[in-house]
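In listed order, ligands and their atoms are each counted from 1. Only this structure's heavy atoms are used, side chains among them; waters, hydrogens and symmetry mates stay out.
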Amino acid sequence: MAHISASVFTSHVPAIGAALDLGKTQEPYWQPLFQGYEFSKHWLREQKPDVIFLVFNDHATAFSLEMIPTFAIGTAAEYAVADEGWGPRPVPKVMGHPELAAHIAQSVIQDDFDLTIVNKMDVDHGLTVPLSLMCGQPEAWPCPVIPFAVNVVQYPVPSGRRCYQLGKAIRKAVESFDQPLNVQIWGTGGMSHQLQGPRAGLINREWDNRFLDRLIAEPEALSQLPHIDYVREAGSEGIELVMWLIARGALSDKPPKVLHRFYHVPASNTAVGHLILENT
Ligand code: DHB
Ligand code: FE
């Protein structure tokens, strides 16, 4: 049977992708940030996951106000890298895992979570920047990826509680897949940031670090946190953090092992948080 071995959490700031693509990782502004992912890149190479289930949000790239799925699972064989206004990033295309994705869709929908099935989707910085941070600049990404898009852009967005419960349903789905696959689940986006309005540039280190503490130690209680707290404390785009609860819910109920924790301010307008949790 397949199993979930670990979860990875990371922010997805688009400027990080540009810094990497333009060869700026050793510049003083960027060096400390990329340094924080050195352990993670080695770890991922050793882990050799068979599939990454990557929870992310689309930023009005594949979707728009014309159609707003709350939860969308990618069941395609491959995904093109999106053009977000400056041409597609020079990164490999993303290979999918249609068999496992279809199995997860079947299981999770029968478990009462209504997913949208997506057979064609260009993937934006929400998905490619986490891959770049964890893999560097490879010729091809190390394994197939199942993109799982969550609406955190246009209200109403799903509650933390629903995201956490969905993670548990995803775990059950993976564990009932009839192939011995090592699956990782990644939760991406966040941490505190607000990109517009009078509070643009808002960063809340204390709140972010408390969020990391609680994500590790008391995810169930954290999942009860209402949206207004995210927005008030972590800024309007801080709401991206509800996606981390999906990945956390997919880990086992036993306390996880904290393999790596990193926090850095700023990257562009955002606080960057990063965790690797392993099932024990
Ligand atoms: C920034 C952060 C984001 O999460 C995003 O989607 C776009 C921009 C930023 O900090 O610049
Ligand atoms: Fe974002």
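- Residue E237 does not touch ligand 1, judged by heavy-atom distances below 4.0 Å.
- Short contacts between ligand 1 and P14, defined as distances under 4.0 Å to a heavy atom of the residue, involve ligand atoms 1 (C), 2 (C), 3 (C), 5 (C), 7 (C), 8 (C).
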For S176 and H103, what are the C-alpha separation, side-chain angles and deciding distance, and is it a side chain to side chain donor-acceptor pair (under 3.5 Å)? CA-CA 9 Å; S176 61; H103 170 82; 3.0 Å; yes

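- If you number the atoms of ligand 1 from 1 as listed, the ones under 4.0 Å from a heavy atom of E240 come out as 4 (O).
- Atoms of ligand 1 found under 4.0 Å from any heavy atom of T270 (numbered from 1 in listed order, with element): 1 (C), 2 (C), 9 (C), 10 (O).
- Exactly one residue among W186, Y37, W244 makes a side-chain hydrogen bond (donor to acceptor under 3.5 Å, both in side chains) with T10. That residue is Y37.
- When the salt bridge (Lys or Arg N to Asp or Glu O under 4.0 Å) test is applied to R261, the partners found at least two apart in sequence or on another chain are D213.
- Among protein atoms, those of element N, O or S found less than 2.8 Å away from the Fe ion (ligand 2) are H12 NE2, H59 NE2, E240 OE2.
- Enclosure of atom NZ in K257 is not indicated, since only 12 or fewer non-hydrogen atoms of other residues, nucleotides or ligands lie within 6.0 angstrom.
- Under the 30°/60° scheme for interplanar angles, the aromatic rings of W30 and F34 are found to be tilted.
- Interface of S268 with ligand 1, defined as ligand atoms under 4.0 Å from a residue heavy atom, comprises 9 (C), 10 (O), 11 (O).
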Exercise answer: donor-acceptor pairs, residues 117-124 side-chain atoms, under 3.5 Å, sequence neighbours excluded:
unit_1, atom_1, unit_2, atom_2, d
N119, OD1, T75, OG1, 2.7
D124, OD1, G126, N, 2.8
D124, OD2, H59, N, 2.7
D124, OD2, H59, ND1, 3.3
D124, OD2, T61, OG1, 2.8

Apply side chain to side chain donor-acceptor pair (under 3.5 Å) to T70 and R162, showing your working. CA-CA 11 Å; T70 303; R162 185 149 180 82; over 6 Å; no

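- With no hydrogens or angles considered, a side-chain donor-acceptor pair links D208 and Y263 at under 3.5 Å.
- Residue H193 has at least one heavy-atom neighbour below 4.0 Å for each of these atoms of ligand 1: 2 (C), 3 (C), 4 (O).
- Applying the salt bridge (charged side-chain N to carboxylate O under 4.0 Å, His left out) definition to pairs two or more places apart or across chains, those involving residues 64-87 are E78-K93.
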